[in-house]
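Small disclaimer: the values here were computed from a predicted structure and weren't measured. Sequence lines set the chain letters: A, B, ... in the order given, protein chains first and strands last, and positions in each chain run from 1.
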Amino acid sequence: MAQKPSVPRGTRDFSPAEMLRRNYIFDIIRRTFSIYGYLPLETPAMENLSTLLGKYGEEGDRLIFRILNSGDFLSGLEPSALAGADSASLASRFSEKGLRYDLTVPFARYVVQHRDEISFPFRRYQIQPVWRADKPQKGRYREFFQCDADVIGSDSLLNEFELIRIIDRVFSELKINVLINVNNRKILAGIAATAGAGDRITDITVAIDKLEKLGSEGVRQELLQRGITPDVIRRLDPFLSLRGSAEEKMTGLKREIAASQEGLKGISEMEELFSYLGMEPSQARVELDLSLARGLNYYTGTIIEVKAADMAIGSICGGGRYDDLTGIFGLPGVSGVGVSFGADRIYDVMLHLGLFPEQTGASTEALVINFGRDELPEQIKITAALREAGIATELFPDAVRLKKQFSYADAQHIPLVIIAGSEEIKASQATVRNMKTGKQTTVSLSALPEFISEAKNR
RNA sequence: GUGGUUGUAGCUCAGUUGGUUAGAGCGCCAGAUUGUGGCUCUGGAGGUCGCCGGUUCGACCCCGGUCUUCCACCCCA
């Protein structure tokens, strides 16, 4: 064999067995989105770079896959321009399209572009792959599927509430134990402002986000490294040590950030959200986590993150509210909120914890044995009759040894095998073998579809 | 993007301080069983030891590069 073929780094093939399991996940997510009134939408794999760039922060821009322009993009270029050697500015002459990095920004673009056709609030769901030029690791791929549900054109916290209901329902149907953490960007802004460093909110939140991992001393170090003054860090201290239930934390917070309008707004939003959550309790624990800062640059209010309780693989679902994403595309004043399920990580979690049901999705229910030319007309008829009755049926394409045909049924986990050789056909009968029990039953051809239907329901 | 790590049969992995024909288990194929899978027994096929180059009389083993895997940082689903 010549050089073995392969797929690019960080991308994968999905075998039929894997696809059946993946579809099990997608089906549950899709069904749940649909029950909450979300409508399907798809957008192109590639977007103009002007749509993508500047939406995800500096790091995000770096991770966008760029598509080379078609044609001879070097033709108009002065050799001296190449000597200038600024690859970033040169790149804009070679490339004006990129692969989508998430589903939220293309959605915002869609909403602005089609605003006249949309009645608000607009709820859409979208299940498609996204691409990131990250260095792959376990649970981190360069091509992966996101399952997004967003509502745009409504400020109501009821949307947040329902999205958390969706998260809870999806994961309880998938049998994954999760922790749902929520926080609010306005609270984080209020904390930064109270500490006297409102302009350093990004550095402060990124550091605070590492509280769980580094501990409070580690966070102080991180803050120092990011150039936050010891003075400010000292004033941040009370926030790092807030404990207790959501209510208790918020009571403490209200005292601390009373001077920040924005912070108080954030707290009242969270109070409203938690009051809704009290009306319809979740199966999963929903916690107010003041150290939660994750999320893309564009989040402005609620932020949500979901982690698997029984496996460390990073977040498997995340989301939040963005007040001005459409503003960047020329439609200001429209707020949206959404969540995104990471199908690939959910798959990894379920595989690791053995949570997939034994039979995931469709596969062949009956195999008709091929005996050769003389019996073939009858076998074709049998196959057709079974399919007509809604039974997933295969006719073995080659008249090879029975041993081979039975091994195939065994390997494919086909539960029933239909044997209709010359003997059976003469008597207008067929023998049905149950591959699990080994039990064989002879039935008349006319009663066969009904017999199989009953057999498969047992 | 920075630093590290991995790569031997379809799969999981042995192996050699550099020395003739590189092994096991599982899987696959064939036979024992010419209309019956899963169990058992017997036999068989399958490897340019990730790729390219270097050192050497000689490289799967040493060196360099490259691709891939995984890990940490970063960031995220």
Dump the pairs, protein N or O against N or O of nucleotides 5-7 of chain B, anything under 3.5 Å, distances to one decimal.
none

### Message
Heavy-atom nearest nucleotide on RNA chain B for A:Val306 versus A:Leu214: which residue maps closer to 5'?
### Response
A:Leu214

## Note on the structure
Residues at least two apart in sequence or cross-chain that pass side-chain hydrogen bond (donor to acceptor under 3.5 Å, both in side chains) with A:Asp323, listed by chain then number, are A:Thr300, A:Ser335

Could you pull out the protein-nucleic contacts involving nucleotides 28-31 of chain B (nitrogen or oxygen on both sides, under 3.5 Å)?
from, atom 1, to, atom 2, distance (Å)
B:C29, OP1, A:Lys404, NZ, 3.4
B:A30, OP1, A:Arg401, NH2, 3.1

### Message
Determine whether the aromatic ring centres of residues A:Tyr38 and A:Tyr125 are separated by less than 6.0 angstrom.
### Response
no

### Task
Under 4.0 Å between any heavy atoms, over every strand shown, what does A:Ile419 touch: base, sugar-phosphate, or nothing? Just pick one.
base

### Task
Assign A:Lys436 to base, sugar-phosphate, or nothing according to its heavy-atom contacts below 4.0 angstrom with the strands shown.
base

### Query
So, does A:Asn370 use its side chain to make a donor-acceptor pair with the main chain of A:Gly372 at under 3.5 Å?
yes

### Query
Do A:Glu424 and A:Thr431 have side-chain N/O donor and acceptor atoms under 3.5 Å apart?
yes

### Message
Rounding to an integer number of angstrom, what distance separates B:C67 and B:U5 when you compare their C1' atoms?
### Response
15 Å

### Task
Go ahead and write out RNA chain B as dot-bracket, 5' to 3': ( ) for pairs within the strand, [ ] for ones crossing earlier pairs, | when the partner sits on another strand, dots for unpaired; Watson-Crick or G-U wobble, both distances under 3.5 Å.
((((..(..((((.....[...)))).(((((.......))))).....(((((..]....))))))..))))....

### Message
Please give the distance between the C1' atoms of B:U69 and B:C13 as a whole number of Å.
### Response
16 Å

#### Entry: Pairwise C1' distance for B:C61 and B:G25, with rounding to whole Å
24 Å

### Query
Just wondering, do A:Tyr298 and A:Asp324 contact through their side chains at under 4.5 Å, heavy atoms?
no

### Task
Could you work out the separation of B:U36 and B:A32 based on their C1' atoms and round it to a whole Å?
16 Å

### Task
Using modelled atom types only, decide if a donor and an acceptor are shared between the side chain of A:Thr51 and the backbone of A:Glu47 within a distance under 3.5 Å.
no

### Task
Considering only atom P, compute the distance from B:A45 to B:G23 and round it to an integer number of Å.
13 Å

### Task
Report which part of the nucleic acid A:Arg226 touches: base, sugar-phosphate, or nothing (heavy-atom distance under 4.0 Å, all strands).
sugar-phosphate

### Message
Students often get this wrong, so: under 4.0 angstrom with heavy atoms, is A:Asp134 touching a base, only sugar-phosphate, or nothing?
### Response
base

#### Entry: Whole-Å C1' distance, B:G43 and B:C51
36 Å

Indicate every side-chain donor-acceptor pair of residues 9-18 of chain A with a distance under 3.5 Å to a residue at least two apart or in another chain.
from, atom 1, to, atom 2, distance (Å)
A:Thr11, OG1, A:Pro8, O, 2.6
A:Arg12, NH2, A:Asp344, OD2, 2.6
A:Ser15, OG, A:Glu18, N, 3.2
A:Ser15, OG, A:Glu18, OE1, 3.1
A:Glu18, OE1, A:Ser15, N, 2.7

### Message
For a quick check of understanding: with a heavy-atom distance under 4.0 Å over all strands, which category does A:Gly60 fall into, base, sugar-phosphate or nothing?
### Response
nothing

#### Entry: CZ (A:Arg226) with more than 12 external heavy atoms under 6.0 Å
yes

### Query
Roughly how far, to the nearest 0.5 Å, is CD1 of A:Ile425 from CG of A:Asp374?
9.0 Å

### Task
Would you mind telling me which of A:Ile164, A:Leu277, A:Ile303, A:Asp289 makes a side-chain contact (heavy atoms from CB on, under 4.5 Å) with A:Val182?
A:Ile164

### Message
Are the side chains of A:Glu173 and A:Arg31 in contact, using a 4.5 Å heavy-atom criterion?
### Response
yes

### Query
Looking at the rings of A:Phe341 and A:Phe26, which for Trp means the six-membered one, are their centres under 6.0 Å apart?
no

### Query
Looking across every strand, which nucleic acid part, if any, lies under 4.0 Å from A:Glu424 by heavy atom: base, sugar-phosphate, or nothing?
base

### Aromatic A:Phe144 / basic A:Arg345 pairing, under 6.0 angstrom, 45° off normal
no

Hey, what are the protein-to-nucleotides 67-70 of chain B N/O distances that come in under 3.5 Å?
from, atom 1, to, atom 2, distance (Å)
B:U68, OP1, A:Arg9, N, 3.4
B:U69, OP1, A:Gly10, N, 3.4
B:U69, OP2, A:Arg9, NE, 3.3

### Task
Determine the interatomic distance between C1' on B:U34 and the same-named atom on B:G46; round to the nearest Å.
28 Å

### Query
How far does the C1' atom of B:U68 sit from the matching atom of B:U17, given to the nearest Å?
29 Å

